[in-house]
Amino acid sequence: MKVLYNDGHVDECPADEVTHVIRHSAAHIMAQAIKRLYPQADFAYGPATDNGFYYDVDLGDATLSEDDLPAIEAEMRKIAKENLKFTTFELPRAEAIALMEERGEKYKVEHIGDLDPDARITFFQQGEYIDMCVGPHITYTKALKAFKLTGVSGAYWKADKNNKMLTRVNGTAFATKEELDEHLRLIEEAKKRDHRRIGREMDLFMMRDEAPGFPFFLPNGMILKNQLLDYWREIHHKAGYVEISTPLIMNKQLWKTSGHWDHYKDNMYSTIIDDEEYCIKPMNCPGGVLVYASKPHSYRELPIRAGEIGLVHRHELKGALHGLFRVRCFNQDDAHLFVRPDQLTDEIVGVVNLIDSVYQKFGFTYHLELSTRPEDSMGSDEDWEAAEAGLRAALERLGKEYVVNEGDGAFYGPKIDFHLEDSLGRTWQCGTVQLDFQMPINFDLEYTDADGAKKRPIMLHRVCFGSIERFIGILIEHYAGKFPTWLAPVQVKVLPVSEKSRAYAHTVADQLDAAGIRVVVDDRDEKIGYKIREARGVDRVPYMLILGEKEAEAGSISVRDRTNETHPSTVEEFIAQLDAEISERRS
């Protein structure tokens, strides 16, 4: 595919950039369509994204809903059919501002004011529509063949809640109709797997207006959560970790010393205790540091691996809240490792291997990113160079492929992020290992080395699940609520066919319960077909026992699994089978 660059030349588009260029161009064509339908429209930002494109627009007194999207799509198809040519030109700063003012584009004028005074101001035009942009773009509008507008939402100008709320129109586009159709199919499948809907159906969790962003876990959800935490504690014990718990509220000065106050104060909740300001912790690390600093340490004690399932609170904007994926309080499966320099690579390798084993357990694949020093960082160039080198050395020893994410490290150190892929091909950033030279300096942490000298430990921050709540949301959608037996809130549902087999059903359930299997009897006066459909479709249980008079007389059971296959068995055989499946945590 030929594309137009902002210096005016046309060239073949690299294969890995085709989708991005098409989406970027689709945003311009969508803006042109909106301008035709809403002449008062004033446009802000309109980028391509990993999943599609959007444009933020000020419609004045007009409003836009999803019911209006078909009309915009129709106008976009009309523009594509007109086969308008994309052209590009450059203007000096003053002329660029004058052009945008003439066209009533006040957001573009402000955007130009934010740019470097020496920046090139380039524009792309198709037909009557002109947009400030660096490109590249398709050469003619007819190249946009496969697109779909996907929704309408609100967005503050420059993502600042003090600015005006604009209308964000979202869409997606692909090079071919086949790619678009597959993408839309995955969107529909994602809707079916929406963890909020499944969470309600399975009684896992709830959200309430009385506590926006603060999830309530219901009995079934607590079973799921506790099974995850039991697994976490088991593998960490085997890996040589100890578990600690640190306070939820600590003095503001602690967060100043750690550096979090300067970087996170807008997202932290605080309160006054004894006339002093205290903060509800947004992360667990300063508490872990205080535990380490509470007594002297010898080089022989290191590495110290201290894990914590800590409840943290972070203020998120109400409009950003989304089920369990974006909440204001969550449990984080942190661990803080205090190591000697000679232990650093081994410990990073151990962390990566541990997280790898966790993701394999749930059937996730993943890719790794090495995130380097951000602009608002703490510490010296030497420390950052050493920290990044340490992470690279561990990845190279492991033979792991990774990409470098420049400038996306934590303010106190670089990190390795795990981006896992679920059953729908979506990626989620969950696990991380972060190398920190700064906090040991800030808190003057020490250990006594073999020569009697005081040395400073290196600190590693790491999580496997990340936010437990978010990870549960991911698991719900990954499995579509059909959890492996070891995680399932209800592992077996016993369904008596009639009144005559009801007593036997309870006898069988009692045996399963005594064996530690989570079992429920559905003895309602409903047809057996209805109970089977509900157990499979709503409760999503791994196993159903369908018991009639024949089974009651023979003392046997009829087992139906998720493949819908039914086979006879005895209670003892079934318990032995489940014991093995659960104890091995089979997926």
Side-chain angles (χ1 to χ4, degrees), residues 1-11 13 17-48 52-60 62 64 68-92 95-109 111-112 120-149 152 166-175 177 180:
M1 185 181 76
K2 299 287 186 182
V3 297
L4 173 67
Y5 290 87
N6 63 8
D7 62 0
H9 84 280
V10 175
D11 204 347
C13 184
E17 296 179 14
V18 168
T19 302
H20 180 84
V21 170
I22 287 173
R23 289 172 176 172
H24 196 178
S25 303
H28 283 227
I29 292 171
M30 180 180 74
Q32 183 178 15
I34 292 172
K35 190 71 172 178
R36 286 182 176 183
L37 297 173
Y38 303 87
Q40 78 281 12
D42 188 0
F43 296 97
Y45 295 130
F53 61 90
Y54 68 82
Y55 225 121
D56 292 342
V57 55
D58 184 347
L59 294 167
L64 197 67
D68 300 306
L69 297 184
I72 299 174
E73 286 182 350
E75 192 65 32
M76 291 174 69
R77 284 190 287 271
K78 180 180 174 183
I79 292 169
K81 191 174 181 180
E82 290 172 14
N83 199 23
L84 302 174
K85 184 179 181 179
F86 273 82
T87 59
T88 184
F89 60 91
E90 180 179 339
L91 292 176
E95 291 183 29
I97 291 174
L99 175 64
M100 291 294 97
E101 287 178 338
E102 177 186 343
R103 298 178 67 85
E105 298 282 3
K106 64 178 181 291
Y107 296 102
K108 302 292 186 185
V109 171
H111 186 194
I112 294 173
R120 297 173 61 208
I121 312 297
T122 56
F123 295 86
F124 280 79
Q125 179 172 2
Q126 77 273 9
E128 78 283 2
Y129 182 74
I130 299 174
D131 206 342
M132 186 174 74
C133 186
V134 296
H137 285 288
I138 56 180
T139 53
Y140 287 88
T141 57
K142 72 175 182 180
L144 181 63
K145 301 178 183 298
F147 66 90
K148 178 72 176 176
L149 301 188
V152 176
L166 306 178
T167 299
R168 175 168 293 180
V169 185
N170 295 276
T172 193
F174 290 87
K177 184 176 183 301
L180 175 63

ask   = So Y5 and H9, would you call those rings parallel, tilted or perpendicular, with 30° and 60° as cut-offs?
value = parallel
query = Going by heavy atoms in the side chains, are L64 and Y38 under 4.5 Å from each other?
reply = yes
Worked verdict on F124 versus T88 for side-chain contact (heavy atoms from CB on, under 4.5 Å) = CA-CA 4 Å; F124 280 79; T88 184; 3.8 Å; yes
inquiry  = Are more than 12 heavy atoms, taken from residues, nucleotides or ligands other than K35, located less than 6.0 Å from that residue's NZ atom?
reply    = yes
request  = I would like to know whether K81 and R77 meet side-chain contact (heavy atoms from CB on, under 4.5 Å); could you show each step before the answer?
outcome  = CA-CA 6 Å; K81 191 174 181 180; R77 284 190 287 271; over 6 Å; no
Modelled atom types, side-chain donor and acceptor of Q32 and E75, under 3.5 Å = no
OG1 on T172 to CZ on F53, rounded to 0.5 Å = 7.0 Å
key: Nearest-0.5 Å distance that lies between atom CG in L91 and atom CD1 in I97   = 11.0 Å
query = Does any non-hydrogen side-chain atom of M100 lie less than 4.5 Å from one of Y107?
reply = no
request  = Any chance you could measure K108, atom NZ, to F43, atom CZ, to the nearest 0.5 Å?
outcome  = 8.5 Å
inquiry  = If I take atom CD1 from residue I29 and atom CE from residue M76, how far apart are they, to the nearest 0.5 angstrom?
reply    = 6.5 Å
query = Shortest non-hydrogen contact from T141 to F86?
reply = CG2-CE1, 3.8 Å
query = Do the side chains of K145 and K177 get nearer than 4.5 Å, heavy atoms only?
reply = no
ask   = Do the side chain of E90 and the main chain of P92 share a donor and acceptor less than 3.5 angstrom apart?
value = no
request  = Drop me the distance from I34's CD1 to I72's CD1, to the nearest 0.5 angstrom.
outcome  = 4.5 Å
task = Measure the shortest side-chain to side-chain distance between H24 and C133 over non-hydrogen atoms and say whether it is less than 4.5 angstrom.
result = yes
ask   = Donor-acceptor pair, E73 side chain versus L149 backbone, under 3.5 Å?
value = yes
inquiry  = Between I22 and F174, is the side-chain contact (heavy atoms from CB on, under 4.5 Å) condition met? List the steps.
reply    = CA-CA 7 Å; I22 287 173; F174 290 87; over 6 Å; no
message = With rounding to the nearest 0.5 angstrom, report the CG to NZ distance, L84 to K142.
response = 12.0 Å
Side chains of E105 and H111 in contact at under 4.5 Å (non-hydrogen atoms) = no
query = Does R168 count as lying over the ring of Y54, i.e. NZ or CZ under 6.0 Å from the six-ring centre, within 45 degrees of the axis?
reply = yes
task = Return the minimal non-hydrogen interatomic distance between L144 and A26, and the atom names on each side.
result = CD1-CB, 3.9 Å
Y129 and H28 aromatic ring geometry - parallel, tilted or perpendicular at 30°/60° bounds = perpendicular
message = Looking at every heavy atom in both E128 and R103, which two are closest together, and how far apart are they?
response = O-NH2, 2.9 Å
key: Y55 versus A44, closest heavy-atom pair with distance   = CE2-O, 3.7 Å
request  = Would you name the heavy atoms of V57 and A41 that are closest together and state the gap between them?
outcome  = CG2-CB, 3.8 Å
Smallest separation among heavy atoms of V21 and C13, with atom names = CG2-SG, 3.9 Å
ask   = Should we count NZ of K106 as having more than 12 external heavy atoms under 6.0 Å?
value = yes
key: Contact check, side chains of T122 and D7, non-hydrogen atoms, under 4.5 Å   = no
task = Using atom types as modelled and distance alone, determine if a side-chain donor or acceptor of T139 lies under 3.5 Å from a backbone N or O of V3.
result = no
ask   = When you look at L99 and F89, which way does the side-chain contact (heavy atoms from CB on, under 4.5 Å) test go after all the steps?
value = CA-CA 12 Å; L99 175 64; F89 60 91; 4.1 Å; yes
